[in-house]
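Nothing fancy with the numbering, it's 1 onward along the sequence.
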Amino acid sequence: CLPWRSGSLSVAMSMSYVPEFGLHFPHTYVTPKKNGDGEYEDPKKSLVNKCLSSCSGWVNEYNMCVQRVQTRTDGKGTCIWQYEELGMCTDHCVAHDIFSYVK
């Protein structure tokens, strides 16, 4: 008999499913900025620059990897994992503020 089907042993979920995405809207709205050509600027670019300071550990890790790879003479090596970790860190940081720019 399978343990989750027996009457004496019940298997409970560790967490109940509660959809929370989209239920909390930002309280402020940042008006879009225009560049010199009259086109709207991408707010993510300015937020990424701000977030690089909070991801300084991953920036240092990526820069050290690039230096290691450049000193190799066999042409092997890549810093793709460090680059992806840096990207995930900046995306996580940007996600906190990006919805303030969406109406």
Return the minimal non-hydrogen interatomic distance between Val69 and Lys76, and the atom names on each side. CG1-O, 4.3 Å
Report all side-chain donor-acceptor pairs from residues 77-93 shorter than 3.5 Å, counting only partners two or more places apart or in another chain.
{"residue": "Thr78", "atom": "OG1", "partner": "Ile80", "partner atom": "N", "Å": "3.4"}
{"residue": "Thr90", "atom": "OG1", "partner": "Leu86", "partner atom": "O", "Å": "3.2"}
{"residue": "Thr90", "atom": "OG1", "partner": "Gly87", "partner atom": "O", "Å": "3.0"}

Between CD of Glu41 and NZ of Lys34, what distance do you get to the nearest 0.5 Å? 11.5 Å
May I ask you to decide whether Arg72 forms a salt bridge with Asp74, counting only side-chain N to carboxylate O separations under 4.0 Å? yes
